[in-house]
Structure formats: C-alpha cells, structure tokens
Amino acid sequence: MGTLTLKQQCQWVRKLRPELECSIRRGTLTVRGRYRPGPRSREYLVEIMYRLKEGRPKVRVLSPLLRSRTGDGFIPHVWDYGAFVGPCVFFTKNDEWTTRKKIAKTIVPWTELWLFYYELWLGTGTWHGGGIDHEPVKRLEEQSVATAPDSNLTLGAAHG
Amino acid sequence: MIDTGLASSVDQLLEWIVEPIQLTRAQYQEAVAVYDEMRLWLHDPSSGLAKHTILIYPQGSGALGTTIRPKGRVEYDLDAVCLIEAAGVSPIALYQSVLVRIKHHPKYGSLVRERDRCIRLKLKDKFHFDLIPAIPDPERGGTFILVPDRKLKFWVGSNPLGYIEAFKTAETLVLEEVAKRDWIPVPPQEPAREKSVLALLVQLAKRRRDVFFDGADVAPSSILLTTMAMQSYRGVQSLGSALLEFAEAMKRRVMAAEGQPLVVLNPSNPGENLAACLESKPCRDALEELVSTFAGEARELSEAAGYDEIYRLLRTMFAESAEFAMKRAADEVNRKRASDGLRVTPAMASVTAARPRPSQRIPRNTFYGGAWVH
C-alpha cells in the first residue's frame, strides 16, 4: 500500500473516529475534536494538521493550553513548531509513522496516550510513558538528523 | 478514550494508596512472632498462671485487618487480650501476676513498660505490643471482660470480641466461630485488593489522621475513627463513594454537637463513650479541624478532573502513597503497551449505528522531543 491521500485519511478518521471533525482545505488535512484520555482526565480540544509534502502530522492542543509544572517552562516530549509547541508522539527513525499509515489509528490514539502521561507528569513530575529525549527547542527540520541513545528506547523509562 | 483500566471513580487509585501503607511483610511477621512468643510464655506449664484457664486473642486493628504502617512519630502496634478465668481476684493482683510473668521472659522481660490498662513491650522499629490482662465479666457474661485499671485500682468493662463481631457484621462478613482452644491467631494481612471496603476506609482515615497530625497527642484515636467509619458505612462497594459518605457523615456528626460533648458509643460496650477523651478543648478543636478538612478533600476528590489534580489531592491527603498509586496506574498502561494489548475504547456508541464499533489496538510508539515553553 502506498501513501494515503488526504481524502483517504479523512475517510478513515470518519470511519474509525466519527466523534472527530475532519476537513481538507488548500492541501491541508485538519482533524479536530475533543479528547478525554482517561475516565477522570480533563477534556482537551486537539487539532491535527497534515500536509502531504511535509509528510508528518503536527499535533496542537488548543485548550486547555499545555503548561509546565514548575517555573522552568519545560514540557517533556513536545515539539517546538515555532508558532506553537505540541505533543511529539512518534520517532521518525522507527518508522512508527509513515505516510502509508492511518492518522486515525496512530497519531490520534498516541496523542490521547500522550495526554494521559502528561497529566501524570504534571502531577508527579515523572514522565511514565518512556520515549527519547532530544536537545530542547530543536525545530522540525532538524529531527531527521537527530540521533538518540538506544538506552532510552524502553517503555517506562522516566523523564522529567 | 484509552483503555487505561481505570474506572470513572477513584476507587482503584484509593485501593493502590492502601498497598504501601499496610505493614511490610517483616513488620507483620514481627508482630505475629511477638504475639506467638507471649502466648506460649503465658500458657507454659512453668507459669504461675497456668493453673487457670487462659484465652489469648488479638484485639483492635490487628484483629480487624486495619493496621497501617508507622509514619513520622506514629508507631504501629498489636494489642492482645490475656483473659484469665480467675474468680475473686483483685484488679491489682491480676495485673501484677501477668506483669511478673512477662518480666521473667528471657527476651522480652526487659522491654516491659507498665501502662494504666495494659502491659507494653516496647520493641524496636516503632513497634509496640500491648497485652491487656482481663477476667470474664461475671455480670454481663458472653464476650464481656473486665480490665484492671492500675492507677484507679478498679475494673473497667470492655468487649473486644464483641467489637470485632460488630465490625465484621458492618463489613457484611461473617465472623468465624471461635474454636474451642486457648488462643486465637492473628489474622493474615490481606492485600488491599482482597480487603473489604470498610477495612480500606478505616486504613485511609487513619493515614489521613497521621499525615494531618504527625503523631501529635491531640490526634483522635484509631478506635474513634474506626467506630465512626463502621457507623456511617452503608455497604456501598465503591471505595470513593464510601470515603465521601464517611467524611461528610463524620463532619455532620461532629459539627452537630456544637460544642456539646460528642458521644460515640462503643457498639460492643454501650456504656463506653469513645469520644470522652475529646473533652479537652485542644482535642476537640483538632477533631473539628480534621473532619472539616477531610470532608472538603473527599468532596474535591469526587469531582476533580485531571489526574494531576487528583494526584495533588491524594498527595495532600495520604502523602507519598499517592505517588505509588499514580505509578501503578501508569504501570497498568505500560504493561498493555509492552504486550501490544493497549486499545482505544470507542466513544459513546451512537443509537443509530448499525453495529457497535470494536475497540482498536494502539500500535507501539516512541514519544520524542522535549522543549521549554516561553
């Protein structure tokens, strides 16, 4: 199976996650909706934007705004897109996300999962979701050349 | 929504709070070892007491399964009754005869502390064992006993087995019939997931008290909290709901007294007001402060949205146990992720949907990045 078109992505969102709104305008797919990752989580308004020529969806939490837990302003596992900072839910080198995959089955649930760990981190100061850290404030175009230590690849590794 | 395994209530988190506040295996085993050693010592034919029929049994939290781990200046203990069939004995004579026997114990004899109504063994690691000498109450019969008050030199009525029975009834469990033998074992310490809602509720209330007062003398007694929990408990199986009901009922009861003496009768010994110790103003003020705070926290906890907010409340109420509960919640999700078993639970099924949507497996992913936000 080759790259999914924006129209195909939209169809999959409507089939698998009908509670989310999906639209395509000027070559950009926008998936917007309310997420509640766990039964006692807050409700978050989240927007996913995707352009085929960029190849990677951007995730933005519109409300409530993401915040750091102390005065240092640090949030684990986010990407600084310049205009905003959003959850960074996959590592490109692992082929977890490719343009052949469905946003509805990957980016959407990964974002819910990120929000679950985010709330735990906001409370306890420990990131329980594992992942790979990188130098902070790198921009999207630098991700392809970023290297990461293998030792951090296991689930459950704590950060933050 | 992710299938986190968590319910919309905070029941599971509260149950996880209890796990690290229970006695460690070593602490439990130490308590049982001292109990067994003392009962053998008291029953030994070399003992001057051996000519009497003696029944030894645990009482209080050790018998109810509501003991909690020591915190700060608070110790843990095991209380046991040494019931001696000795008609016509005076309170002081009974106390002295048990005291003398224990003082002769080669290992524990030097650890004896004489208390008003019990003989205490002060052991290491914040543990003490209280042995309560007693005779059967000839007037009230049944499980009623008379305990010597060393200072006042008279008998005080009590009914520990009756209390255990009342507690077990409130738990909706059936008290096991006491076998015809001369001692009753300390019950095993059950894991939190196997305990009754009432037992968990009592443990949470006691831990909240210990975090609130850090062992200060004005803190309300465990038996007062346990009895008020028993009397407010209506059999609800949700721990979160039970906690809220209890905290609000306790506040109503204490505040309704409006400065008048608070009366909390011992259900197994009706003449005994367990709140009598609150006649001093500092103790009464302390209880009022605790119940107001506890009720407010329980209400907030029942309504809080966001696991960070829930954690903040649990941390205030139960200190570091809250971190353990949150880690357990994350561990459950991580275990499913690691085995590719984590799924998305479909949103509320539409009534017009031809068939319900199945839950979807979430593929593995790796969170990346990290940034400072300004």
Side-chain angles (χ1 to χ4, degrees), chain A residues 16-19 36-43 66-69 72-80 85 87-92 94 96-97 101 105-106 108-110 112-114 116-117 119-124 126-134 136-138 143 148 153 155-156 159, chain B residues 1-10 12-13 240 301 303-315 322-331 333-339 342-348 350 353 357-358 360-374:
Chain A
L16 297 174
R17 302 302 292 256
E19 72 274 20
R36 190 188 297 279
R40 290 293 294 268
S41 299
R42 287 188 188 81
E43 191 175 76
L66 298 181
R67 61 190 173 91
S68 69
R69 58 186 307 277
D72 67 355
F74 179 76
I75 301 174
H77 302 296
V78 289
W79 198 264
D80 184 352
V85 164
C88 190
V89 297
F90 62 91
F91 182 54
T92 319
N94 291 355
E96 294 164 349
W97 163 257
K101 296 192 177 181
K105 285 195 76 171
T106 54
V108 171
W110 291 342
E112 288 177 304
L113 196 53
W114 187 94
F116 175 71
Y117 291 119
E119 285 192 348
L120 294 187
W121 167 80
L122 209 50
T124 65
T126 302
W127 178 266
H128 287 285
I132 298 173
D133 291 323
H134 69 81
V137 297
K138 276 188 179 171
Q143 186 179 353
L153 280 166
L155 288 176
H159 299 268
Chain B
M1 189 179 292
I2 301 160
D3 179 18
T4 54
L6 293 166
S8 55
S9 66
V10 289
Q12 182 65 78
L13 291 171
L301 187 62
E303 295 166 352
Y307 289 101
D308 53 310
E309 185 60 17
I310 289 170
Y311 170 78
R312 186 187 65 77
L313 287 162
L314 293 176
R315 186 80 176 73
E323 218 152 319
F324 178 87
M326 290 299 170
K327 184 175 181 310
R328 281 294 303 268
D331 287 348
V333 172
N334 287 340
R335 188 177 51 77
K336 291 180 184 174
R337 282 178 81 193
S339 62
L342 188 62
R343 306 185 81 85
V344 173
T345 309
M348 292 279 280
S350 163
R357 284 184 296 128
Q360 299 154 32
R361 190 181 66 78
I362 304 176
R364 286 202 204 193
N365 70 315
T366 310
F367 295 112
Y368 187 53
W372 274 269
V373 184
H374 297 288

Give, as side chain, backbone, both or neither, the part of Ile310(B) having an atom under 4.5 angstrom from any heavy atom of chain A. side chain
Between Tyr307(B) and chain A, with a heavy-atom cut-off of 4.5 Å, which part of the residue counts as in contact: side chain, backbone, both or neither? both
Sort Leu342(B) into side chain, backbone, both or neither according to what part of it lies under 4.5 angstrom from a heavy atom of chain A. side chain
Parallel, tilted or perpendicular, as decided by the 30° and 60° cut-offs, for the rings of Phe91(A) and Tyr368(B): tilted
Atom NE2 of His128(A) and atom CE of Met326(B): how far apart are they, to the nearest 0.5 Å? 9.0 Å
When heavy-atom pairs shorter than 4.5 Å are enumerated against chain A, which of Ala329(B), Ser9(B), Pro363(B) gives the highest number? Pro363(B)
Counting only heavy atoms not in Lys105(A) (residues, nucleotides, ligands), do more than 12 fall under 6.0 Å from its NZ? no
Can you tell me which portion of Ala322(B) sits under 4.5 Å from chain A's heavy atoms? Options are side chain, backbone, both or neither. neither
If you tally heavy-atom pairs under 4.5 Å between each of Glu96(A), Arg40(A), Arg67(A), Glu112(A) and chain B, the highest tally belongs to Arg40(A)
Ion pair present between Asp308(B) and Arg312(B), side-chain N to carboxylate O less than 4.0 angstrom? no
Scanning both residues in full, the closest heavy-atom pair of Leu313(B) with Ala304(B) reads CD1-CB, 3.9 Å
